[in-house]
Amino acid sequence: MSAGDRRAALSRAEVSAMLAADASGDTATRMIDLAVEWLAHAASGEGAVSRNTPPAEIAARFDEPLPEHGVPLDDILRRLREQVMSDANRLSHPMYMGHQVSAPLPIAAWTDALAAVMNNGMAVREMSPTLTHVEQRVVRWMCNVTGFGPGSGGTFTSGGSEATLTALLAARAKVLPAAWEEGVAAGTPVVICGEHAHYAVRRAVGIIGLGVRQVVTVPSVDYRMDAKALPAILARLHAEARPVVAVVASAGHTATGSFDNLERIADACAPSATWLHVDAAHGASALLSERHRVRLRGIERVDSLAWDPHKMMLMPLAAGMLLVRDEVGLERAFSQQAPYLFHRRDDEPSYDIGPRSFLCSRRADALKVWVALQRYGREGIAVLYDYLVELTEGLHDRLVAHPRFEPLHAPETNILCFRYLGDESVGEQQLDALNRALRGRYNHSGEGWITLTELDGRQALRVTIINPRTTPAHLDRLVEGLDSVGEGLVQQPG
């Protein structure tokens with residue numbers, strides 16, 4: 001302690017008093033009131049979606065030494081309101097149409113606090129006597145929705161990236177059973193995916209030791225894997241004696257929301273019993289919808305799928321799932337013994353989750369999904385899914401009718417990519433720069449928030465409508481706002 005610091009060190013009694021105060025209803029109410037206030041203001045559509053405060057200015061707020069003695073609650077609440085929440089992206093604002101992160105269902109957000117208070121670890125049942133069964137029941141519900149049989153199962157994950165990594169580990173254990181102990185021979189096993197597959201596929205291939213050069217890419221047609229080309233690729237690899245660890249299809253591509261033809265891909269994989277994994281992190285929630293589940297026709301035939309409830313089921317981060325048609329195959333992914341942790345008896349089923357999950361210490365993310373399904377039911381979640389897709393179809397119609405916009409595809413879910421064309425004075429070579437500048441200036445205005453992607457070598461504006469508070473009037477406001485900003489950019493000298 002420096003000579004200038006005259007405050008005495010905290011006593012145990014003082015710390016105990018802080019613990020008791022923080023556990024009180026008064027403190028909890030003040031924290032929740034702060035959250036409710038922030039949510040209500042964002043959901044009302046008032047104010048900017050994002051304030052776009054310069055990052056150096058925000059970083060300066062938190063450029064401080066580690067507190068030695070603790071800070072009064074009033075000061076913490078003030079800083080949360082004024083320095084943290086004030087500049088957070090307001091996903092519950094109806095003009096937020098950016099990344100695939102949802103405006104979460106409030107009931108699920110409040111449930112997160114309950115999971116944190118209980119803080120039961122999810123690796124083994126003895127650490128989490130009730131929540132282990134909650135997770136397994138949610139997994140069983142989702143397996144039933146998928147069409148998997150009684151031998152199926154799964155685990156919660158941090159998201160689609162972890163789910164795909166775990167699925168490829170299970171596939172590797174099937175094709176290369178000695179890999180866990182002996183490693184992977186370089187240059188032979190491959191993983192096949194579409195050219196628009198999420199980057200998590202290549203990342204997983206690198207992590208599990210195959211090497212990203214062993215990724216074989218299937219070309220796309222209309223932003224979907226060309227299922228007709230897959231049989232020839234499998235035949236060629238078989239002739240070259242190169243083991244195929246897995247084929248990875250996509251249901252709800254990140255860029256466009258497109259769905260691969262799972263039936264044809266499953267047909268191609270069936271003769272060789274090739275493991276078929278589907279990255280359905282975004283699109284699997286269509287299974288809850290009577291109208292849209294047809295886009296996943298054939299899903300019951302795949303070996304595994306990634307599903308992120310924190311996307312189209314509108315859960316708070318993080319809530320991902322891996323489902324497998326044969327749960328035994330998932331348990332083979334982690335061929336490891338931990339007698340100090342896993343105690344399996346021969347005369348009873350194992351309820352432990354750890355043997356089939358990459359993580360050991362993790363929170364009960366399944367609880368918020370369970371609560372949301374109790375509250376809304378499958379039908380309620382489906383109503384929200386259908387509404388978000390309906391809004392996106394409505395935006396597509398508006399852009400088709402508008403002379404200065406060009407939609408680049410018909411929406412299959414709640415994602416839509418399009419271009420701003422400007423007037424006849426704008427040449428094709430200028431459009432990429434124009435669309436980049438348009439997105440930046442529009443977002444900086446605070447009026448709304450969208451993203452940018454590249455399709456067929458062209459810069460494209462990209463919208464994800466993932467907030468049930470968004471209405472058709474907000475779509476009109478989006479188009480008008482983008483057009484106004486675009487017109488100003490076109491008329492700008494130079």
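- Residues Arg79 and Glu64 are paired through a salt bridge, judged by an N-O separation under 4.0 Å between the basic side chain and the carboxylate.
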Verdict with supporting geometry, Tyr223 and His253, ring pair (Phe, Tyr, Trp, His ring centres under 6.0 Å)
CA-CA 8 Å; Tyr223 310 117; His253 281 270; 8.8 Å; no
Between Arg90 and Trp38, is a side chain to side chain contact (heavy atoms under 4.5 Å, CB included) present by the stated rule, with each step listed?
CA-CA 9 Å; Arg90 302 166 72 206; Trp38 189 87; 3.9 Å; yes
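- Atom CG of Leu305 and atom CG of Leu276 lie 10.0 Å apart (nearest 0.5 Å).
- Scanning all heavy atoms of the two residues, the minimum distance from Phe418 to Val463 falls at CE2-CG2, 3.7 Å.
- Between the side chains of Glu57 and Thr53, not a single donor N or O lies within less than 3.5 Å of an accepting N or O.
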Kindly indicate, with the supporting measurements, whether the criterion salt bridge (charged side-chain N to carboxylate O under 4.0 Å, His left out) is fulfilled by Glu135 and Arg362.
CA-CA 12 Å; Glu135 173 166 326; Arg362 64 177 174 88; 2.8 Å; yes
Using salt bridge (charged side-chain N to carboxylate O under 4.0 Å, His left out), reason through Asp22 and Arg30 one step at a time and then give a plain yes or no.
CA-CA 10 Å; Asp22 290 349; Arg30 295 179 71 186; over 6 Å; no
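- The main-chain N or O of Val221 is never found under 3.5 Å from a side-chain atom of Asp226 such that the two would form a donor-acceptor pair.
- The line from CG of Leu322 to OG1 of Thr166 is 6.0 Å long, rounded to the nearest 0.5 Å.
- Between the side chain of Thr146 and the backbone N or O of Phe148 there is no donor-acceptor pair closer than 3.5 Å.
- Across Gly422 and Val490, no two heavy atoms sit closer than the pair CA-CG2, 4.3 Å.
- Counting all heavy atoms, side chain and backbone alike, Asp308 lies closest to Gly320 at OD1-CA, 3.5 Å.
- In summary, of the residues considered (Lys311, His282, His310), a side chain to side chain donor-acceptor pair (under 3.5 Å) with Gln100 occurs for His282 alone.
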Stepwise, does the salt bridge (charged side-chain N to carboxylate O under 4.0 Å, His left out) test hold for Glu428 with Arg419?
CA-CA 11 Å; Glu428 182 65 31; Arg419 299 252 282 176; 3.0 Å; yes
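- In this structure, CZ in Phe156 is found 9.0 Å from CG in Leu323, a value given to the nearest 0.5 Å.
- Within 6.0 Å of CD in Glu406 there are more than 12 heavy atoms belonging to other residues, nucleotides or ligands.
- For Arg439 and Trp449, the positive end sits near the middle of the six-membered ring, less than 6.0 Å away and at most 45° from its axis.
- Asp423 and Ser425 are linked by a side-chain donor-acceptor pair at a separation below 3.5 angstrom, with hydrogens and angles left out of the test.
- Interatomic distance, CG of Leu296 versus CG of Asp260, reported as 10.5 Å (0.5 Å rounding).
- Here the rule is side-chain contact (heavy atoms from CB on, under 4.5 Å) with Val216, and of Ile192, Val191, Val247 only Ile192 fits it.
- Closest approach of Ser128 to Leu131, counting heavy atoms only: OG-CB, 3.0 Å.
- Counting only distance, with no hydrogens or angles, the side chain of Asp279 and the backbone of Gly160 share no donor-acceptor pair below 3.5 Å.
- Using modelled atom types and a 3.5 Å distance limit, the side chains of Thr392 and Asn414 yield no donor-acceptor pair.
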Take Asp386 and Ser289, measure what side-chain hydrogen bond (donor to acceptor under 3.5 Å, both in side chains) needs, and give me the verdict at the end.
CA-CA 7 Å; Asp386 291 348; Ser289 164; 2.6 Å; yes
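- A salt bridge links Asp365 with Arg363: the distance from a Lys NZ or Arg NE/NH1/NH2 to an Asp or Glu carboxylate oxygen falls below 4.0 Å.
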Please assess Trp141 against Val145 for the test side chain to side chain contact (heavy atoms under 4.5 Å, CB included), listing each intermediate value before the final yes or no.
CA-CA 6 Å; Trp141 284 343; Val145 168; 5.6 Å; no
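- Side-chain contact of Ser250 with His198: a donor-acceptor pair under 3.5 Å is absent, judged by distance alone.
- By the neighbour-count criterion of 12 heavy atoms within 6.0 Å, atom CZ of Arg203 is sparsely surrounded, having that number or fewer from other residues, nucleotides or ligands.
- The closest side-chain heavy-atom distance from Tyr199 to Thr254 is not below 4.5 Å.
- The closest side-chain heavy-atom distance from Ile107 to Tyr376 is below 4.5 Å.
- Between the side chain of Gln214 and the backbone N or O of Gly211, no donor-acceptor pair lies under 3.5 Å.
- Ion pair Asp303/Arg325 flagged as a salt bridge, since at least one NZ, NE, NH1 or NH2 atom sits closer than 4.0 Å to an Asp/Glu carboxylate oxygen.
- Nearest heavy-atom pair, Asp87 versus Ile58, reported as atom, atom and distance to 0.1 Å: CB-CD1, 4.0 Å.
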Evaluate His474 against Thr471 for side-chain hydrogen bond (donor to acceptor under 3.5 Å, both in side chains), listing each step before the verdict.
CA-CA 5 Å; His474 294 111; Thr471 68; 2.9 Å; yes
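- The closest side-chain heavy-atom distance from Leu367 to Trp370 is below 4.5 Å.
- Between the side chain of Asp112 and the main chain of Lys368, no donor-acceptor pair closer than 3.5 Å is present.
- Within a 6.0 Å sphere centred on CZ of Arg78, heavy atoms belonging to other residues, nucleotides or ligands number more than 12.
- Taking each heavy atom of Leu434 and Gly486 in turn, the nearest pair found is CD1-O, 4.5 Å.
- The shortest side-chain heavy-atom distance between Val389 and Pro411 does not fall under the 4.5 Å cut-off.
- The distance from the NE2 atom of His409 to the CG atom of Leu455 is 6.5 Å, given to the nearest 0.5 Å.
- Enclosure of atom CE in Met31 is not indicated, since only 12 or fewer non-hydrogen atoms of other residues, nucleotides or ligands lie within 6.0 angstrom.
- Atom CZ of Arg441 sits about 10.5 Å away from atom NE2 of His444, to the nearest 0.5 Å.
- The 12-atom threshold is not exceeded at CD of Gln429, counting heavy atoms of other residues, nucleotides or ligands nearer than 6.0 Å.
- With a 6.0 Å radius and a threshold of 12 heavy atoms from other residues, nucleotides or ligands, Arg436 has its CZ atom above the threshold.
- For the pair Leu168/Leu210, no side-chain contact is recorded, criterion being any heavy-atom separation below 4.5 Å from C-beta on.
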Could you go step by step and tell me if Glu37 and Arg81 meet the salt bridge (charged side-chain N to carboxylate O under 4.0 Å, His left out) rule?
CA-CA 10 Å; Glu37 170 193 308; Arg81 177 185 286 108; 3.1 Å; yes
Could you walk me through whether Leu475 and Ile465 pass the side chain to side chain contact (heavy atoms under 4.5 Å, CB included) test, one step at a time?
CA-CA 10 Å; Leu475 303 184; Ile465 301 177; 3.7 Å; yes
For Phe405 and Leu482, what are the C-alpha separation, side-chain angles and deciding distance, and is it a side chain to side chain contact (heavy atoms under 4.5 Å, CB included)?
CA-CA 10 Å; Phe405 287 95; Leu482 289 172; 3.8 Å; yes
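- Side-chain atoms of Arg469 and Ser44 form no donor-acceptor pair, as typed in the model, at a separation below 3.5 Å.
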